Novice: 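This structure is in C-alpha cells; I'll ask about it shortly.
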Amino acid sequence: MSPVTEEQPQSDVVKEHGTLKYSLLGPSLTKPGQNGVDQQKVSEIIYEASKGSKYFNNEEARDKNLTQKIERISKKKEDLERLDLGHDRRKAEQFIDDLEVSRDLSQTIVHIDCDAFYAAVEELDKPELKDVPFSVGKGVLTTCNYHARKFGCRSGMAGFVAKKLCPQLIQIPLNFDKYAAKAQEVRKIIVDYDPRFESASIDEAYLNITEYCNTNNIEPAAAVEQLRKEVHEKTHITISAGIAANAKLAKICSNQNKPNGQYQLPNDRNAIMAFMRDLPTRKVNGVGRVFERELDAVGIKTCGDIYACRQYLSKLFGEKAFVFLTGCYLGLGRTSVQPAEEFERKSVGTESTFGEMSGPSAFHAQLRWTAEELEKDMVRAQFKGRTLCLKIKLHTYEVFTRQVVPQKPIFEADDLYKYALPMLVKLEQEFPRIKLRLMGLRCTHLVSMKKPDTLAFFGFKTKAPADVGEAISDSSLKRKAEEMESEKWETYDERLFEDAERLEREDELKDLESLGQEFDKRKHHGKEIVPNPKRTEAIEEEWWDCPICSRPQTPDEKEFNEHIDLCLSRQTIRDVVQESAVIGTNLSTLAPPKKMKLERGKSKPSSGDPKQRKLFFG
DNA sequence: GCGGATCAC
DNA sequence: TATGGTGATCCGC
C-alpha cells in the first residue's frame, strides 16, 4: 500500500460521511503531518475496521447524543436571532473594549515543541527505523513518525487500525525513562534562555525570552533559531517553535511550521487580528472535536467569525466560553510563564484497563489492587485525599464515577479500599450482571503531607510569622469542615458497609476456590497480573512479616523490598503529621491555592505521564 | 457538591 | 480478536 496524498478539505469529509466518521478519525486529525493525506480514504478504512465493535457502538451512541445537542444549539440560536439582543450586544462590545485595553504587547513568549518526540528518541537508538513507518506504544499508538503519518496513522489510534492503514507499520513499546532523560537534556539548554521556563508536558515548554533578547541584544527570531540549533546539535532532537506576544498565540504558532521550523507572529495588533480572523477555531488550544462542531453549528468556523456572534455566545455556551471566545477573537492570552512546580496539584489517581471482567469477587480483588497502586502514588506525591472517586468503564465503554468524602483525609490502601467498596457494591446493585473493562481510583481535595522544607525547596511560600494568626483560624475552619463532614458521614447508608463487609468475607472464600483460574487469564500491559498478589501467593507459600508494620507480606523478594520502602515512606509521613501536630501547623495551609487565569482546556502541571513527571520535578 | 463530558498530551 | 492513562475544567442539576 502506498501513502494516500489527495488533498481534501475537512468540511467535505464531514458532509459526505457524517459526523461519526469524522469523530472516528480521532482527536489529532488536525495535528501536523496529516496535510496532503486523503482523509476520506483514511476515514473509510477506520470505519470498516471499527464497524460492529463495542467501541464503535459506543462512539455511535455518543455521536448521536452530540448531534442532538448540536441541533438544540442551532435551534436556540435561531430563536435568539428573532429577539432583540441589543443589551447583550452592547454588553459584549463593552467587554471586548475592556479586554482590548488589557492587551499586552510588551512580552515575547516562545512555545517549543519537540517533533514526534518519542519516535525521535527511538530513532536515535535505532537508526534503522529512520526510513520506515513506525509507531511508539502498543495497543494504542502514543505517537508515530512522519512516515507513518503519511498513511493516516495518528496518536491515539488503535494499533490494529493503524496496521490496516499501513500494514508494514512497526510498533515498538514505550521507554519512558529514555524519553525523560532526553527531555532533561533539552531542558538543560532552554534554561539558559529563560531560567523560569514552564514545562507544559514532557516535550513542550513555554519561555519568556523578553529579557534574554534585551540583555543579549538579539532579535526574537534569531534567538529562537539559535536555541533550536543548539538543541539539535546537543541532543539530536529537532524542535518547532512559535514566537508571539502571549502563550496562546505562541502555542498556535509552533504548529505553523512543524516539523523542525519556527514561526513568528509580530507583536502588532493588526497582524494578530488578521492572523486570528482566518484561523480555524480548532487550531486553538481548548477547542476540540466537540466544541468545533458546536461552533460550526452557529456559523463560527474561524476565530474571526466569533465577533458576529458576540450577542449570542454567553446564552449559547455559557459565560466562561464567552470570555474564552472573545479572547480568541482578539488573540489575547497570558503573558506570564512560570515553572510547573509552582502549580498546585489537585488530584492523584490511577486506573487500568483489563480484559472484560465479571463477578463481585473479581471486581473486589481488582479494587484492592487499584487501592494499593493508588497508595503508592499518594505516598510518592506526599498527599492525603479528602475525597475519593471511583471510576468504572463497562464492557460497553460507558463510564461512571462515584465519589465519597471519608471522615478524615486518607491515603492508605486499606482506607481507599474500605471507602471505595461501598460505592462499587452499590454500582453492582445498580447494574445487575455488570461487566467491567476498566477500574480507577482518584483522590481529590488534597492535603499536602510535604515537609515545610520540601515546599520551600521547590519554591513554595511557607507561612510568614505575620500569617500565623490566619493559619490558626484556618485550623479552626478545618475543624469545622471536619465536623460537617462527619455529620454527612452519619447519613451515609450504613447497610452498604455491612453489605460490603459481608461480600468481602464471601470473596475471600471464593478467591481461595477460584485461585489461579480467573485472575491468571487476565492480561495487563502484556504481562500477567494478579489483582491481589499478597492474598493469592500466600496460599501456597509462607508469609514474611514486615519488620515495620508487622503485617504479613509476599515472600517474593523484590515485592517484599518494595513494601519495606513503602512502609518507610509511610513512617516519614507519620513523622511529619506528628511534627505538625506538635508545632500546631496546619499542613494544608502551607501551599496556598493559586488562582489560575481562565484558559480553556488548560491542564497543568500535567505531562504525558504524570508518574514520569516526578522524574523531572521531584 | 456530584456526576457527566470535554480537552490536552 | 482488538481502541490508553493522568489530570484539569466546565456545566447542569
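These numbers come from a predicted model, not from an experiment.
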Novice: Return the value, rounded to whole Å, for the distance between atom CZ of A/F56 and atom P of C/dT1.
Specialist: 16 Å
Novice: Is the shortest heavy-atom distance from the side chain of A/L24 to the side chain of A/F56 under 4.5 Å?
Specialist: yes
Novice: Please determine if A/K376 and A/E373 form a salt bridge, counting it only when a charged side-chain N lies under 4.0 Å from a carboxylate O.
Specialist: yes
Novice: Closest to the A/K251 side chain: B/dC9, C/dT6, C/dG7?
Specialist: B/dC9
Novice: Going by an N to O cut-off under 4.0 Å, is there a salt bridge joining A/D63 and A/R293?
Specialist: yes
Novice: Among residues 59-73 of chain A, which residues get a heavy atom nearer than 4.0 Å to DNA chain C?
Specialist: none
Novice: Measure from the ring center of A/F317 to the ring center of A/F324 and say whether it is less than 6.0 Å.
Specialist: no
Novice: Cation-pi check for A/Y206 against A/R334: NZ or CZ below 6.0 Å from the six-membered ring centre and within 45 degrees of the axis, yes or no?
Specialist: yes
Novice: Between atom OH in A/Y419 and atom P in B/dC2, what is the gap in whole Å?
Specialist: 15 Å
Novice: Of all heavy-atom pairs between A/L249 and A/A244, which one has the smallest distance, and what is that distance?
Specialist: CB-CB, 3.5 Å
Novice: With a cut-off of less than 4.0 Å, is there a side-chain N or O of A/R402 near OP1 or OP2 of B/dG4?
Specialist: yes
Novice: May I ask you to say what A/G139 touches in the nucleic acid, namely base, sugar-phosphate or nothing, with a heavy-atom cut-off under 4.0 Å?
Specialist: nothing
Novice: Can you see if the side chain of A/S347 gets near the phosphate of C/dA8 - specifically, an N or O under 4.0 Å from OP1 or OP2?
Specialist: yes
Novice: Let's see if you can work this out: which of B/dC2, B/dA8, B/dT6 has an atom nearest to the side-chain heavy atoms of A/V290?
Specialist: B/dT6
Novice: Below the 4.0 Å mark, does C/dT6 have OP1 or OP2 next to a side-chain nitrogen or oxygen of A/T350?
Specialist: yes
Novice: Classify the nucleic acid contact of A/K163 as base, sugar-phosphate or nothing, counting any heavy atom under 4.0 Å across all strands shown.
Specialist: nothing
Novice: In terms of ring plane angle, is the pair A/F95 and A/F322 parallel, tilted or perpendicular, where the classes change at 30° and 60°?
Specialist: tilted
Novice: Among residues 389-397 of chain A, which residues get a heavy atom nearer than 4.0 Å to DNA chain C?
Specialist: A/Y397
Novice: To the nearest angstrom, how far is A/W369 atom CH2 from C/dG5 atom P?
Specialist: 9 Å
Novice: Tell me the interatomic distance from A/R154, atom CZ, to B/dC9, atom C1', rounded to whole angstroms.
Specialist: 16 Å
Novice: Start at the 5' end of DNA chain B and walk down; is the nucleotide closest to A/H445 or to A/R289 reached first?
Specialist: A/H445
Novice: Where the side chain of A/R345 is defined as all heavy atoms beyond and including C-beta, which of C/dT3, C/dA8, B/dG4 is the nearest nucleotide?
Specialist: C/dA8
Novice: Closer than 4.0 Å, any side-chain N/O of A/R442 to the OP1 or OP2 of C/dG7?
Specialist: yes
Novice: Given atom CG of A/L20 and atom C1' of C/dT3, what is their separation to the nearest angstrom?
Specialist: 14 Å
Novice: Using the test ring-ring contact (aromatic ring centres under 6.0 Å, His included), find all partners of A/F160 that sit at least two apart in sequence or belong to another chain.
Specialist: none
Novice: Indicate, with a heavy-atom threshold strictly under 4.0 Å, whether A/R437 touches base, sugar-phosphate, or nothing.
Specialist: sugar-phosphate
Novice: Roughly, in whole Å, what's the span from CG in A/N285 to C1' in B/dA8?
Specialist: 7 Å
Novice: Rounding to the closest angstrom, what is the interatomic distance between B/dC7 and C/dG4 at atom C1'?
Specialist: 15 Å
Novice: Can you confirm whether A/V161 sits close enough to A/I46 that some side-chain heavy atom of one is under 4.5 Å from a side-chain heavy atom of the other?
Specialist: yes
Novice: For A/K54 and for A/L438, find the nucleotide of DNA chain C with the closest heavy atom, then tell me which residue's nucleotide is more 5'.
Specialist: A/K54
Novice: Round to the nearest Å and state the distance from A/K283 atom NZ to B/dC7 atom P.
Specialist: 16 Å
Novice: Just N and O in the side chain of A/T353: are any of them under 4.0 Å from OP1 or OP2 of C/dG5?
Specialist: yes
Novice: Would you mind reading off the distance between A/K164 atom NZ and C/dT1 atom P, rounded to a whole angstrom?
Specialist: 7 Å
Novice: As a test of reading the structure: which of B/dC9, C/dG5, C/dT3 is closest to the side chain of A/A158, going by heavy atoms?
Specialist: C/dT3
Novice: Can you tell which of C/dG4, B/dC2, C/dG5 lies closest to the side chain of A/V405?
Specialist: B/dC2
Novice: Base, sugar-phosphate, or nothing: which does A/S28 touch, judged by heavy atoms less than 4.0 Å apart?
Specialist: nothing
Novice: Could A/E48 and A/K51 be called an ion pair, given the rule that one side-chain N must be under 4.0 Å from one carboxylate O?
Specialist: yes
Novice: At less than 4.0 Å, is any side-chain N or O atom of A/S53 found next to OP1 or OP2 of C/dA2? Yes or no.
Specialist: no
Novice: Closest-nucleotide mapping onto DNA chain C: is A/V348 or A/E319 further toward the 5' terminus? I mean the 5' end.
Specialist: A/V348
Novice: Taking the side chain as every heavy atom from C-beta outward, state whether A/E122 and A/F134 have any atom pair closer than 4.5 Å.
Specialist: yes
